[in-house]
Chemist: 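Could you have a look at this structure, given as structure tokens, before my questions?
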Amino acid sequence: LSLRGVNATIAGGHASGLQALAYGTDLVAGGRARALLAGGVEELGVESYIGFCRAGVMCGTNGRPGHVPVPFDTMRTGFALSEAAAFVILEPHDDARRRDAAIGATLAGHASLTDPDAIERGCCGRVVIADAIRAALSQAGIAASRVDAVSAAANGSYGADEEEAAALADV
């Protein structure tokens with residue numbers, strides 16, 4: 001693709017793609033690049049599949065009846081694995097307007113926090129999730145009521161969906 005400039009790989013588990021967007025946004029905002037291609041890829045591998053089955057977090061592997069990988073649904077029984085890839089061009093708003101680009105979204109703020117109890121609990125807790133949301137909103141300088149869409153992790157997992165839904169409701 002003849003791309004030049006910053007070239008980085010973010011290894012952040014489930015959040016790698018989102019962290020790549022945040023990192024790219026910071027680089028563009030800081031003047032380190034005029035435009036960047038950022039995103040993420042997730043490949044379904046046999047090792048991951050077996051690991052998630054053994055951990056009992058996938059539908060049909062945790063003793064809960066049914067196969068309901070529906071995020072936030074009270075009947076959810078775990079999650080289903082898949083593959084995906086998504087990339088976007090990050091650039092200053094004025095540059096996109098000058099070239100008459102279709103602007104799909106504005107990344108106005110982001111935050112990343114660590115929950116020291118997540119491994120013991122099996123998922124990130126609602127307080128940490130809510131704090132991360134509030135930090136991103138603060139950085140963006142906007143009220144929660146102005147948010148048009150939320151990209152929730154919501155993968156159908158039993159405990160994590162509950163924690164995330166509670167954090168979203170709290171914010």
Side-chain angles (χ1 to χ4, degrees), residues 8-26 36-88 90 104-140 142-171:
T9 299
I10 306 293
H14 296 100
S16 294
L18 293 173
Q19 290 178 348
L21 293 176
Y23 180 58
T25 297
D26 288 346
L36 290 172
L37 182 65
V41 175
E42 185 61 48
E43 176 185 12
L44 178 56
V46 67
E47 295 85 0
S48 296
Y49 178 80
I50 290 170
F52 285 122
C53 284
R54 287 183 179 166
V57 295
M58 287 180 43
C59 287
T61 66
N62 53 24
R64 293 188 180 91
H67 188 79
V68 186
V70 181
F72 298 129
D73 190 299
T74 57
M75 299 300 291
R76 69 191 179 281
T77 60
F79 61 86
L81 295 177
S82 65
E83 295 181 314
F87 289 83
V88 297
L90 301 172
T106 299
L107 202 157
H110 60 84
S112 180
L113 298 176
T114 299
D115 183 349
D117 300 319
I119 292 175
E120 192 173 304
R121 186 184 311 105
C123 61
C124 191
R126 63 190 73 196
V127 172
V128 174
I129 297 169
D131 286 349
I133 295 168
R134 287 186 188 101
L137 290 170
S138 175
Q139 183 187 66
I142 62 172
S145 60
R146 289 195 47 220
V147 175
D148 294 324
V150 173
S151 175
N155 60 17
S157 62
Y158 208 72
D161 280 9
E162 185 176 308
E163 295 294 313
E164 189 171 22
L168 289 167
D170 185 40
V171 174

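Values in this document were obtained by computation on a predicted structure and should not be read as measured data.
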Chemist: With V88, which residues qualify under side-chain contact (heavy atoms from CB on, under 4.5 Å), at least two apart?
Modeler: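 V88 satisfies side-chain contact (heavy atoms from CB on, under 4.5 Å) with L21, L90 only.
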
Chemist: Would you indicate whether the side-chain heavy atoms of V171 and L137 approach each other to under 4.5 Å?
Modeler: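 L137 vs V171: side chains touch.
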
Chemist: Nearest 0.5 Å please: distance from the CG atom of L168 over to the CZ atom of F72.
Modeler: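 Rounded to the nearest 0.5 Å, the CG-CZ separation comes to 5.5 Å.
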
Chemist: Could you state the interatomic distance from OG1 (T61) to CZ (F79), rounded to the nearest 0.5 Å?
Modeler: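 Rounded to the nearest 0.5 Å, the OG1-CZ separation comes out at 8.0 Å.
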
Chemist: With sequence neighbours excluded, give me every salt bridge (charged side-chain N to carboxylate O under 4.0 Å, His left out) pair touching residues 68-82.
Modeler: R76-D161

Chemist: If you count heavy atoms of other groups shown closer than 6.0 angstrom to CD1 of I119, is the number above 12?
Modeler: no

Chemist: Could you check whether any side-chain heavy atom of M58 comes within less than 4.5 Å of a side-chain heavy atom of L81, counting everything from C-beta outward?
Modeler: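 Yes, their side chains come closer than 4.5 Å.
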
Chemist: With sequence neighbours excluded, what pairs up with E162 under the salt bridge (Lys or Arg N to Asp or Glu O under 4.0 Å) test?
Modeler: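 If we apply the salt bridge (Lys or Arg N to Asp or Glu O under 4.0 Å) test to E162, skipping adjacent residues, the hits are R126.
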
Chemist: Sequence neighbours excluded, which residues qualify as side chain to side chain donor-acceptor pair (under 3.5 Å) partners of D131?
Modeler: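 Once residues adjacent in sequence are excluded, D131 has no partner under the side chain to side chain donor-acceptor pair (under 3.5 Å) criterion.
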
Chemist: Using the test salt bridge (Lys or Arg N to Asp or Glu O under 4.0 Å), find all partners of D26 that sit at least two apart in sequence or belong to another chain.
Modeler: none

Chemist: Kindly compute the distance separating OH (Y23) from OG (S112), expressed to the nearest 0.5 Å.
Modeler: 14.5 Å

Chemist: Can you name the residues that form a side-chain contact (heavy atoms from CB on, under 4.5 Å) with A22, not counting sequence neighbours?
Modeler: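 For A22, the residues satisfying side-chain contact (heavy atoms from CB on, under 4.5 Å) (neighbours in sequence not counted) are H110.
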
Chemist: Between SG of C123 and CG of N155, what distance do you get to the nearest 0.5 Å?
Modeler: 10.0 Å

